[in-house]
Every structure is written in structure tokens, then in C-alpha cells.
Number of protein chains: 2
Amino acid sequence: MKTNLEGITNKLKDNNIRLSHQRLKVLEYLDRHRIHPTVEQIYHGLNEEIPTLSKTTIYNTLNKLIEAGLVKVITIEDNEARYDINTDFHGHFKCRTCEKGLDGFRIYTRDMYFSGICPRCSEQEKCKDS
Amino acid sequence: MKTNLEGITNKLKDNNIRLSHQRLKVLEYLDRHRIHPTVEQIYHGLNEEIPTLSKTTIYNTLNKLIEAGLVKVITIEDNEARYDINTDFHGHFKCRTCEKGLDGFRIYTRDMYFSGICPRCSEQEKCKDS
DNA sequence: TGCTTACTTGTAATCATTTCAATTTTATTA
DNA sequence: TAATAAAATTGAAATGATTACAAGTAAGCA
Ligand SMILES: [Mn+2]
Ligand SMILES: [Mn+2]
Ligand SMILES: [Zn+2]
Ligand SMILES: [Zn+2]
């Protein structure tokens, strides 16, 4: 549940991702606001502290972090992505009435998405190795 | 696996959804093309048969069918929705390499989304009943 | 057949996300 | 510390999926 920000910055170094002020602030925001925030929420949340912050930077940062496996994108909303610093395997729930994400619920729909590599592409990878 | 189109049209009647030419064609397309098509694919697939068909109608139709529980939307793509006439609970897989949805795979990411009603809203529902 | 209501259509609007080029910052080296 | 190259930030503009809207059309019913 608790993310080690120091550990994350080390991972950034490992992935050759520069430790810019903006990136660290976005990470810190995700760590302190465990509500699967949208880009809009991150933007407004950091606006006071960094008035010059651009939404483009937030998008760039999040995409970098996703690429490095440090953040996960949640597509439970139909029109807006949400972001999660908790990359452990866990489900997400959205209430049909209040539209909040909460614990303890009556479930009506379940969706499971997997991403990986199919047998055909696995086979082609083997060929490359030899 | 096999969908009974006759059964579906009966469900449409039950839900007071009119059996328009366009709606039946969209349903037929979803039934015959079990590839979780996008709106774009449905549009081009039906274009020859119904040259006047509008994308807006496809969106309207799909939203109506989703509302009635006859179709499910799949948000595994980051930028474009896909649609499934199979409403049974089942997972979806996307290959990272060829980007196709297939069977038999090595899994790297798993995502579970639930939708339902939270305890708070459940409680309020009870109050309405009495 | 005629009536009412809901559906279809094309265009325009919306809005999350990406592209782009100029400026700034980071990390490195002297 | 200063110089440098590479990468990041920024804001404006572009993109593109989806929705809103208003006028024309078709479905269902008597
Ligand atoms: Mn989560
Ligand atoms: Mn499916
Ligand atoms: Zn609720
Ligand atoms: Zn593949």
C-alpha cells in the first residue's frame, strides 16, 4: 500500500528518466492522493505550488512513468483516464449511483483485461534470440 | 458463444426499443463479426449495404443496446471503444506486439473493473422503498 | 391510411490527449 | 564553476473519438 518515493527515484535513475522537479512533484502527488486522480486533478492539485506547470508535462510524465512500470493507467471512466501509483494487482470498483470508487459493494458488472504476448509473437521472439 | 438474434429482438421489444432497420443491421454485424469491432469497423462493414448509414446512428444504437444490457463496451484500447455482443463474464486479452485480441498467451498486466452500487447508495435506496 | 412518437442523419461542438517548435533545465565534463 | 549536449518543459495548435442538435424520416398503432 505504502510506496517508497526514495525507491521510486532510484527506479527513475535505473530507467534513465531524469529527476526533474515536475516529475518528482507528480509522483509525490500520486503518492499522497490515493484516489486514482485524473490529469485535471493532478494539474489543479499542483497548480498552487507550481503555477507554471503545463498539462502537457503531466501527460508526458505519466506516460514515461507508465512505460517504466511505475504507474498504472485506469480506464474505468469512459472519457477520462485515471492514474494509480499502486502497481500491485488489485481490482477497481465504481458506484453506478454516486460514481465514486469505493470498498464494500454490490457488483453488477465485472471486466477483466489482460495484456501480454501471444503465442505467435512469442515464437518470433525465440527466432530472434538464436 | 452463440447469440440468438431472435431472442435479442424480443428483448428489444421488451425494452421498448424500436426494431429499426439500422439497429438490426448493427446487431447482425456484431453477431457475425466476433472481433470486438470499433464503431469505425462497424461503419465500414455496413457501408456497402447501407450507404446512408450515419456514425451517429451507430453510436446511438450501441448506447441504447448497452443501456438495455444487450451489448458490452470494452475499454481495453486507450483511445477507441470496442463492442461485444457476448455479455457473459469473460476476460479480454491484447497482445503487446501484434496488438490483436487472441487466445493462449503470456500475461504481463491484468486489470479488473467492477461496477455496482456502494453501501451508502444501497442504504438510500432502501429508504426510498419504504 | 394517417398520426404520434421515436429514430436517423449530417453538421457542428466538445473535450481529452497528442504534436510541435521554441525555450529552459538537467546531467556531465573540463 | 562554466561550457556543453541531450532531454524536458511549455503553451498553442492539431487531432480524433464521441456527443449535441435540429430537421427530415420511419416505426408502430389504430
Ligand atoms: Mn487502485
Ligand atoms: Mn469478448
Ligand atoms: Zn454510491
Ligand atoms: Zn501477438
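We use all heavy atoms of the structure for the numbers below, so side chains are in, but hydrogens, waters and symmetry mates are not.
In this structure, the CD atom of E77(A) is 15 Å from the P atom of dT18(D), given to the nearest Å. Put simply, OH on Y83(B) is 12 Å from P on dA17(D), counting in whole angstrom units. Atom NZ of K13(A) is separated from atom P of dT26(C) by 14 Å (rounded to the nearest Å). The separation between D78(B) atom CG and dA17(D) atom P is 11 Å, rounded to whole Å. As rounded to whole Å, 21 Å separates atom P of dG16(D) from atom CD of E80(A). Atom C1' of nucleotide dA13(C) and atom CG of N79(A) are separated by 16 Å, given to the nearest angstrom. Taking atom OH of Y43(B) as the reference point, atom P of dT18(D) lies 15 Å away to the nearest angstrom. Whole-Å rounding puts the L24(B) CG to dC7(C) C1' distance at 13 Å.
Remark: side-chain polar atoms of Y113(B) are paired, donor with acceptor, to backbone N or O of T75(A) under 3.5 angstrom. At least one donor-acceptor pair closer than 3.5 Å links the side chain of R23(B) to the backbone N or O of R18(B).
Across all non-hydrogen atoms, the minimal contact from Q41(B) to Y29(B) is O-OH, 3.4 Å. Between V39(A) and Y83(A), the shortest heavy-atom distance links the atoms CG2-CE1, 3.7 Å. Across R34(A) and N86(A), no two heavy atoms sit closer than the pair NH1-CB, 4.2 Å. The two residues L70(A) and L12(A) have their closest heavy-atom pair at CD1-CD2, 3.6 Å.
Counting heavy atoms from C-beta outward, L62(B) and L30(B) have side chains that approach closer than 4.5 Å.
At a non-hydrogen distance threshold of 4.0 Å, R18(B), L19(B) from residues 14-22 of chain B come into contact with DNA chain D. Of the residues in residues 50-74 of chain A, those lying under 4.0 Å from DNA chain D by heavy-atom distance are T52(A), L53(A), S54(A), T56(A), T57(A), N60(A).
Ring orientation note: the planes of H92(A) and H90(A) are nearly perpendicular, at an angle over 60° on the 30°/60° scale.
The pair E28(B)-K25(B) meets the salt-bridge criterion, since a charged nitrogen lies less than 4.0 angstrom from a carboxylate oxygen.
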